[in-house]
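The sequence lines fix the lettering, A, B, ..., with proteins before strands; numbering per chain opens at 1. Just so you know, these numbers come straight off a predicted model, no measurement behind them.
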Amino acid sequence: MLRGVRFSFGSREVASMIAIAFVIAAASFAGTVLVKQRAGLEAPPAGRRGELIDRITAAEAENRRLVQEIESLRKRLQALERASASGNSQLEKLNAEVRRLRFIAALVPAYGPGIVLTLRDARIPANEENPQNYIVHDYDLREIINGLLAAGAEGVAINGERISSASSIRCVGPTILVNARRIASPYTIVAVGDPDALSDALTRTGPASHLFSQVFPLYGIQFSVQKKARVELPRYQRELRLDYAKVVK
Amino acid sequence: MLWISLIGLVLGIGLGVVYSVPIPLVYAKYLGLAILASFDSLLGGLRAGFEHSFDRNVFLTGFFFNGAAAALLSYLGDRIGVEIYLAVIFVFGTRIFNNLAVLRRYALSWLQARSKK
């Protein structure tokens, strides 16, 4: 079978050699490109990751600065409103109405008697099959907020995010977004209203009471409810916008 | 005449390292299968060279046709929900190992013939 071990392309034409070189080059090029791409997919280079972290940190710092700027501009706006209205009884009346509506719409900070509820995720036991049970979920928070509002709370905030008519409490991956801002355990829920009624509704009679009597104790989620003579609520930070709705005449 | 293949190999890898061609993830799989088929053609060509039956046209058509067929059939299979790519992996995988086994034998007899001299 073996006619002596010698390698041969049959004819030693230059065209054959070029064709073979070209084909091998094409195959190894495609292979290398594919290997490079896969390697890039599996582990983003440390340099790029660091760069992304830097960009996020910078964006967050810029965000904080802009929030402060918005706050100072709002103060100036309100001062200007008051100043331009002074002396004109018509405008003063309108201005008072604007302030009242802002207050109702949660667009200004508020204070009053109320309760402070804190919740802390439980430690997840090793080898636990369902770690979901040991953490506070967005739907837990929604149920608690609904219970507080049903019991007559006049204003509620979670971790410094005031709940307004346009608020959202959503779950995104492992974190909870309140008003599109990321929050995490421990959760501090502040509510203004009759402290006894709120506390009662929360843990004994309201729609969320089963959480406090059964679910949280079972999984070791820590909570405490404190009645207070004075609690403070921040303002709702975002704009209340109506882009599509119009007034019915 | 093997050095010409080495030049091609080095050239191809070099170009691949220097230039990046983004391949859409959906198609990366088919390119991989095409490379598998082409690799089989390369080994087949090497084997044919040792057997003095190398034919340039057979080699070139086999290289491109097998690669394209592997990619296209797998693509078609994925469209209709049949995993034809498994057949590509099986057929060309088997052939690659067969070719490698034959090439190993040629390499061994070449080494033995040399040591006798």
A.B. asks: Atom CD1 in A:I18, atom CZ in B:R56: separation rounded to 0.5 Å?
C.D. replies: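 The CD1 atom of A:I18 sits 10.0 Å away from the CZ atom of B:R56.
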A.B. asks: Within this structure, what is the CD1-CZ distance for the pair A:I24 and B:F39, rounded to the nearest 0.5 Å?
C.D. replies: 10.5 Å
A.B. asks: If you draw a 6.0 Å radius around CZ in A:R65, do more than 12 non-hydrogen atoms from other residues or ligands fall strictly inside?
C.D. replies: yes
A.B. asks: Tell me which of these, B:L31, B:I13, B:V17, B:I35, has more heavy-atom pairs under 4.5 Å with chain A than the rest.
C.D. replies: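 Of B:L31, B:I13, B:V17, B:I35, B:I13 has the most heavy-atom pairs under 4.5 Å with chain A.
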A.B. asks: Count the heavy atoms of every other residue, nucleotide or ligand shown that sit under 6.0 Å from CZ of A:R74, and state whether that count exceeds 12.
C.D. replies: yes
A.B. asks: Roughly how far, to the nearest 0.5 Å, is OG1 of A:T32 from CG of B:L15?
C.D. replies: 9.0 Å
A.B. asks: For chain A, which residues from residues 59-80 of chain B have at least one heavy atom closer than 4.5 Å to it?
C.D. replies: B:F59, B:L60, B:F63, B:F64
A.B. asks: Answer with side chain, backbone, both or neither: which region of B:L9 has an atom nearer than 4.5 Å to a non-hydrogen atom of chain A?
C.D. replies: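 Contact with chain A involves both backbone and side-chain atoms of B:L9.
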A.B. asks: Report the residues that fulfil side chain to side chain contact (heavy atoms under 4.5 Å, CB included) with A:Q214, sequence neighbours left out, ordered by chain and then residue number.
C.D. replies: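 In terms of side chain to side chain contact (heavy atoms under 4.5 Å, CB included), with neighbours along the sequence ignored, A:Q214 is linked to no residue.
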A.B. asks: Tell me the residues of residues 82-94 of chain B whose non-hydrogen atoms fall below 4.5 Å from those of chain A, in number order.
C.D. replies: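 None at all.
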A.B. asks: What heavy-atom pair brings A:S28 and B:G8 nearest, and what distance separates the two atoms?
C.D. replies: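 So the two residues come closest at OG-O, 3.8 Å.
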A.B. asks: Step through the shown structure and confirm whether more than 12 heavy atoms of other residues, nucleotides or ligands are within 6.0 Å of CZ on A:R120.
C.D. replies: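 It does not: A:R120 CZ has 12 such atoms or fewer within range.
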A.B. asks: Name, in order of residue number, those residues of residues 131-140 of chain A that have a heavy atom at a distance of less than 4.5 Å from a heavy atom in chain B; otherwise write 'none'.
C.D. replies: none
A.B. asks: Look at B:S41, B:A28, B:G32 and state which one has the largest set of heavy-atom pairs under 4.5 Å with chain A.
C.D. replies: B:A28
